[in-house]
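Working notes for the structure below.
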Amino acid sequence: MPQHPRFRGEDFVWYEERCTGCASCAKFCPLGIIRIVTRPSGVMTKEGEKNALEVFDIDLARCMFCGLCVEACPYDALHMGSGFERARYTRKDLVINIDELRRAPKRPSTWFRPQLEAKGYNPHTDRPLEWHEVGRHEAPDLEAMQARWVEVR
Ligand code: SF4
Ligand code: SF4
């Protein structure tokens, strides 16, 4: 069945390259079903030190696909997905973990992403998008920032 490009589905589209591990998505989820564990990475960005993610679980069994986690993500790292078939035999198989998020098809919904709508992107028919194609802002040059940080110190 054809779906609208703003359809809010699973698996969630997560771009690790954009994610700072700030955990805003977890804090804003009204059901508290996102679990994030991070450690310092030593990589500096404009916004501060980037966290390395060790755990990123989302319990889809309880998710109501409200999209508040996506709204809360300051770096456009997390997007609603475009799929809708997730039948499983057990509830624990409905928890997606960081490896599944890494593997999930990179076809972000255009919901709450006007920059994708402006391009006329349709996740159901167009090609998957790379991390540098989905943000509101041009991606920061992490290597240059790291070099500047070392100079300042
Ligand atoms: S879509 Fe809503 S319920 Fe589901 S993980 Fe995001 S904030 Fe939580
Ligand atoms: S997905 Fe977004 S809100 Fe969640 S930890 Fe990563 S950068 Fe923060």
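These numbers come from a predicted model, not from an experiment. Order of appearance sets the numbers: ligands from 1, and atoms from 1 within every ligand.
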Got a donor-acceptor contact below 3.5 angstrom from the [X] side chain to the [Y] backbone?
| X | Y | answer |
| --- | --- | --- |
| Q115 | V134 | yes |
| T38 | L53 | no |
| T110 | L116 | no |
| R39 | A52 | no |
| D126 | Y121 | no |

Please state whether A72 comes within less than 4.0 angstrom of ligand 2, counting heavy atoms only. no

Could you please tell me which protein N, O or S atoms lie under 2.8 Å from atom 2 (Fe) of ligand 1?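 C66 SG, with waters left out.
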
Please classify the I36 to ligand 2 contact at 4.0 Å (heavy-atom distances, strictly less than): side chain, backbone, both or neither. side chain

Determine whether the side chain, the backbone, both or neither of C25 has a heavy atom under 4.0 Å from any heavy atom of ligand 2. both

For the residue pair C63 and E10, establish whether any side-chain heavy-atom pair is separated by less than 4.5 Å. no

Please check if atom CZ in R102 has more than 12 non-hydrogen atoms from other residues, nucleotides or ligands closer than 6.0 Å.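 Yes, enclosed.
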
Crowded around F28 CZ? As in, over 12 foreign heavy atoms under 6.0 Å?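 No - once you tally the heavy atoms of other residues, nucleotides and ligands closer than 6.0 Å, there are 12 at most.
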
In terms of atom number and element, which parts of ligand 2 are under 4.0 angstrom from non-hydrogen atoms of [X]?
| X | answer |
| --- | --- |
| A23 | 5 (S), 8 (Fe) |
| Y75 | 7 (S) |
| L78 | 1 (S) |
| T20 | 7 (S) |
| C73 | 1 (S), 2 (Fe), 3 (S), 7 (S) |
| C19 | 1 (S), 5 (S), 6 (Fe), 7 (S) |
| C22 | 3 (S), 5 (S), 7 (S), 8 (Fe) |

Measure centre to centre between the rings of Y15 and H79, then say whether the value is under 6.0 Å.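 They qualify: ring centres under 6.0 Å apart.
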
Taking R86 first and then E100, would you say they form a salt bridge - that is, a charged N and a carboxylate O separated by under 4.0 Å?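 Result for this pair is yes, salt bridge flagged.
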
Show the numbers, then the answer: is there a salt bridge (charged side-chain N to carboxylate O under 4.0 Å, His left out) between K106 and E133? CA-CA 11 Å; K106 303 297 186 217; E133 298 176 295; over 6 Å; no

